[in-house]
2 protein chains.
Amino acid sequence: MVDVGDVFKALADPTRRHILDELAERDDQTLFEICTRLGTKHQFTSSRQAVSQHLELLEAAGLVRTRREGRYKFHTLDTTPLAQIAERWVRTRPQENP
Amino acid sequence: MVDVGDVFKALADPTRRHILDELAERDDQTLFEICTRLGTKHQFTSSRQAVSQHLELLEAAGLVRTRREGRYKFHTLDTTPLAQIAERWVRTRPQENP
DNA sequence: TTGATAGGCAAGCAGTTACTTGCCTATAGT
DNA sequence: ACTATAGGCAAGTAACTGCTTGCCTATCAA
């Protein structure tokens with residue numbers, strides 16, 4: 001079970017949301033792929049290190065999973081934390097309180 | 001339409017989540033009520049100004065609505081921003097991308 | 001009118017965050 | 001072996017955050 005605060009913090013940054021958008025469009029991307037596609041497709045220029053640090057944070061929040069293959073590191077979107085947040089913060093809140 | 005970033009930022013802080021919890025349990029509370037109940041029921045002591053500033057931020061994010069009545073200001077939970085972020089970030093993400 | 005209660009305003013401060021800069025390691029191609 | 005590529009590490013910095021402190025305004029009860 002991930003920390004809800006970490007997930008919300010991760011989602012609070014626009015660059016990180018763009019990264020998640022990008023990974024939602026195309027999974028299994030390397031750091032450099034994400035960087036270039038953020039610039040070309042999302043008009044959002046960020047340095048390699050900036051994106052790298054964002055990916056670290058996203059991984060810590062459980063939103064991104066990584067897989068090493070040679071000198072490449074592939075990044076994959078993991079939506080289970082989002083589902084957990086929805087469970088706690090969206091579905092239950094309007095009608096009932098446990 | 002509220003800013004998604006503001007909502008996530010608002011939800012990123014544990015104190016603010018406690019405040020929302022408190023408002024979910026009992027709606028239409030004044031600042032002082034929220035302060036005392038945060039302490040007694042949630043074991044979460046925060047000063048008046050701290051809570052006040054959190055409420056300001058929550059209101060800016062659209063998660064709390066206020067109503068003045070004499071010298072009292074009542075705070076009400078508004079869940080529509082949660083529904084909106086669910087629409088954008090939870091329901092659509094796992095299967096499809098628009 | 002006086003005092004108490006509910007809340008607001010704004011400056012200051014310590015801790016955090018997003019980003020840069022510079023250098024280093026590791027894998028792969030030639 | 002040498003060079004280019006993919007990525008990591010860590011210190012530094014400017015901006016932001018959460019909170020405190022001190023004072024001020026407004027409403028109500030006596």
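Labels below follow one simple rule: chain letters A, B, ... track the order of the sequence lines, proteins then strands, and each chain is numbered from 1. As a basis for the values below, the full set of heavy atoms in this structure was taken, side chains included, without hydrogen atoms, waters or symmetry mates. This one's a predicted model, so the numbers in the text were calculated from it and none came from an experiment.
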Worksheet item: Taking the side chain of B:Leu31 as heavy atoms from C-beta outward, which of D:dG7, C:dG7, C:dA6 is closest to it?
Response: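 The nucleotide sitting nearest to the side chain is C:dG7.
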Fill in: Nucleotide of C:dT17, C:dG8, C:dA28 approaching A:Lys9 most closely (side-chain heavy atoms)
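Of the candidates, C:dT17 comes closest.
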Distance, rounded to the nearest Å, where [X] contributes [atom1] and [N] contributes [atom2]:
{"X": "A:Leu55", "N": "C:dA18", "atom1": "CG", "atom2": "P", "answer": "13 Å"}
{"X": "A:Arg71", "N": "D:dG8", "atom1": "CZ", "atom2": "P", "answer": "14 Å"}
{"X": "B:Arg68", "N": "D:dA26", "atom1": "CZ", "atom2": "P", "answer": "10 Å"}
{"X": "A:Leu58", "N": "C:dA18", "atom1": "CG", "atom2": "C1'", "answer": "13 Å"}
{"X": "A:Phe74", "N": "D:dA6", "atom1": "CZ", "atom2": "P", "answer": "11 Å"}
{"X": "A:Phe32", "N": "D:dT5", "atom1": "CZ", "atom2": "P", "answer": "9 Å"}
{"X": "A:Asp6", "N": "C:dT17", "atom1": "CG", "atom2": "C1'", "answer": "14 Å"}
{"X": "A:Leu57", "N": "C:dC19", "atom1": "CG", "atom2": "P", "answer": "11 Å"}

State whether the side chain of [X] and the backbone N or O of [Y] hold a donor-acceptor pair below 3.5 Å, judged by distance alone.
{"X": "B:Ser52", "Y": "B:Arg48", "answer": "no"}
{"X": "A:Ser47", "Y": "A:Ala50", "answer": "yes"}
{"X": "A:Arg17", "Y": "A:Ala12", "answer": "yes"}
{"X": "A:Arg16", "Y": "A:Lys9", "answer": "yes"}

Worksheet item: Hey, is the side chain of A:Lys73 poking within less than 4.0 Å of OP1 or OP2 on C:dT27, counting only N and O atoms?
Response: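 No, A:Lys73 has no side-chain N/O under 4.0 Å of OP1/OP2 on C:dT27.
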Worksheet item: Are A:Val2 and A:Leu63 joined in one hydrophobic group, where the rule is that I, L, V, M, F, W and Y side chains link up if heavy atoms are under 4.5 Å apart?
Response: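 Yes, it is one cluster - the side chains of A:Val2 and A:Leu63 are joined through contacts under 4.5 Å.
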Item to complete: Please name the residue in the list B:His18, B:Glu22, B:Glu25 that meets the side chain to side chain donor-acceptor pair (under 3.5 Å) test with B:Lys41.
Response: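 Of B:His18, B:Glu22, B:Glu25, side chain to side chain donor-acceptor pair (under 3.5 Å) with B:Lys41 is met by B:Glu25 alone.
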Worksheet item: Under the 4.5 Å side-chain heavy-atom rule for ILVMFWY, direct or indirect, which residues accompany A:Leu57?
Response: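 None, because no other hydrophobic side chain comes under 4.5 Å of this residue.
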Worksheet item: Reading nucleotides 19-25 of chain D from the 5' end, what letters show protein touch, with B for base, S for backbone sugar-phosphate only, - for no heavy atom under 4.0 Å?
Response: BBBB---
Discussion item. Which is more 5' along DNA chain C, the nucleotide nearest A:Arg16 or the one nearest A:Tyr72? Just name the residue.
Written reply: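 Checking each residue's closest nucleotide, the 5'-ward one belongs to A:Arg16.
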